[in-house]
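Note that the structure is predicted; figures quoted are calculated from it, not measured.
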Amino acid sequence: IITTAAENIKMSMEESVLPEVGNPDNAAVIRKAMIEQRKKENSEWTASNIHARPDLYLAHCQKMLTSFIDQYATAIIETKVELNKNQHEIQYAQEASLSLNGFLKEAQKMLSNPEFKYPGKVGSYTYSSAEQVRTAVLRTDKKLTELEQDIASKKVCIAELESALARLEKDKVRVESELRGLSAKK
């Protein structure tokens, strides 16, 4: 405390001596920079701070590593949830694709039959004209294409999520190991 007071008095005296003509605020800027530097040294773990209080530094490290482990655990859970969501969406899209493919196969079979007459039943619907069947087939094909693209993009997403999950789990194990090592140092 005495040292800090002495340095403040010294800076106050420098402030009264240092200002340039026309720039009286320059000394205040220098003083503010020095105060900020001192605050930084007091709030960060510099080599001298670590050497002076290794017990506090180790406690700080332990707290930080524990916080990192919690963050990794949260990220792992979120990644697994996203993986499951994508897998369920793929399953739903594949089931929908089967149904759409079934309709297209049945429409092809009925339309290739020369005895098929309108109104006629294709799948579970009755169509009154060839134009209605054509429109239904085109819409079904478009929807099937969209589902296939969605499945492909979800599979890419799953691969990326699995890679991220592996990295997260590996990093969490590494941090847990560092925390155990830190406990041994304590």
Side-chain angles (χ1 to χ4, degrees), residues 32 36 39-40 43-46 50 56-186:
K32 287 178 187 174
E36 288 300 317
K39 283 181 185 177
K40 181 180 176 185
S43 64
E44 293 180 4
W45 287 105
T46 60
I50 293 170
L56 291 179
Y57 177 69
L58 289 175
H60 169 76
C61 290
Q62 187 173 15
K63 179 180 172 186
M64 294 299 295
L65 290 174
T66 303
S67 172
F68 291 153
I69 290 170
D70 292 342
Q71 291 173 17
Y72 276 116
T74 301
I76 287 170
I77 290 170
E78 289 172 353
T79 304
K80 286 180 178 180
V81 166
E82 195 64 28
L83 259 171
N84 286 336
K85 178 184 163 203
N86 281 300
Q87 289 168 342
H88 288 295
E89 289 174 357
I90 285 176
Q91 185 179 359
Y92 170 76
Q94 287 172 336
E95 290 169 0
S97 293
L98 288 174
S99 173
L100 295 174
N101 274 326
F103 171 78
L104 290 176
K105 286 178 183 175
E106 190 169 334
Q108 181 182 16
K109 179 180 161 188
M110 292 302 211
L111 294 174
S112 64
N113 183 356
E115 297 175 8
F116 183 72
K117 297 193 189 249
Y118 294 99
K121 189 170 184 172
V122 178
S124 57
Y125 296 101
T126 302
Y127 296 95
S128 60
S129 69
E131 185 59 32
Q132 282 184 333
V133 175
R134 181 182 171 285
T135 302
V137 167
L138 291 176
R139 286 182 182 167
T140 302
D141 186 54
K142 181 180 177 188
K143 181 66 177 171
L144 188 60
T145 302
E146 291 171 0
L147 286 172
E148 288 171 352
Q149 290 171 346
D150 189 40
I151 289 170
S153 69
K154 297 283 184 201
K155 285 183 178 181
V156 169
C157 187
I158 283 177
E160 291 170 358
L161 286 169
E162 287 173 340
S163 174
L165 181 62
R167 283 192 313 271
L168 287 170
E169 289 173 339
K170 177 183 164 195
D171 289 345
K172 183 179 179 229
V173 167
R174 182 183 50 82
V175 172
E176 288 170 339
S177 172
E178 288 180 24
L179 184 59
R180 284 189 298 276
L182 189 64
S183 295
K185 285 181 184 179
K186 259 184 141 177

Heavy-atom side-chain contact between Gln91 and His88 under 4.5 Å: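 Heavy-atom side-chain distance check passes, below 4.5 Å.
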Side-chain heavy atoms of Ile90 within contact of Ile158, under 4.5 Å: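 Contact flag for Ile90/Ile158 side chains = yes.
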From [X] atom [atom1] to [Y] atom [atom2], the distance as rounded to the nearest 0.5 Å:
X	Y	atom1	atom2	value
Met64	Leu182	CE	CG	12.5 Å
Leu165	Glu82	CG	CD	12.0 Å
Leu144	Asn101	CG	CG	4.5 Å
Glu176	Leu65	CD	CG	10.5 Å

Residues, nucleotides or ligands: over 12 heavy atoms within 6.0 Å of Gln94 CD: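 Buried by this count: over 12 neighbours within 6.0 Å.
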Qualifying residue, where the test is side chain to side chain contact (heavy atoms under 4.5 Å, CB included) with Leu168 and the options are Val173, Ile77, Ile76: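 Going through Val173, Ile77, Ile76 one by one, the side chain to side chain contact (heavy atoms under 4.5 Å, CB included) with Leu168 is satisfied by Ile76 alone.
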Between [X] and [Y], which heavy-atom pair has the shortest distance, and what is it?
X	Y	value
Phe103	Val122	CE1-CG1, 3.7 Å
Ala107	Val137	CB-CG2, 3.9 Å
Gln87	Glu162	NE2-OE2, 4.4 Å

Where at least one partner belongs to residues 57-78, residue pairs that pass side chain to side chain donor-acceptor pair (under 3.5 Å), sequence neighbours excluded: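 The answer is Gln62-Lys186, Ser67-Gln71.
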Any pair counted as salt bridge (Lys or Arg N to Asp or Glu O under 4.0 Å), so long as it reaches residues 126-154, sequence neighbours left out: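 Counting only pairs at least two positions apart or across chains, the salt bridge (Lys or Arg N to Asp or Glu O under 4.0 Å) contacts touching residues 126-154 are Glu89-Lys154, Glu131-Arg134.
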Evaluation steps, side chain to side chain contact (heavy atoms under 4.5 Å, CB included), between Lys170 and Arg167: CA-CA 5 Å; Lys170 177 183 164 195; Arg167 283 192 313 271; 5.7 Å; no
Donor-acceptor contact present, side-chain Thr79 to main-chain Ala75, <3.5 Å: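 It does hold such a pair.
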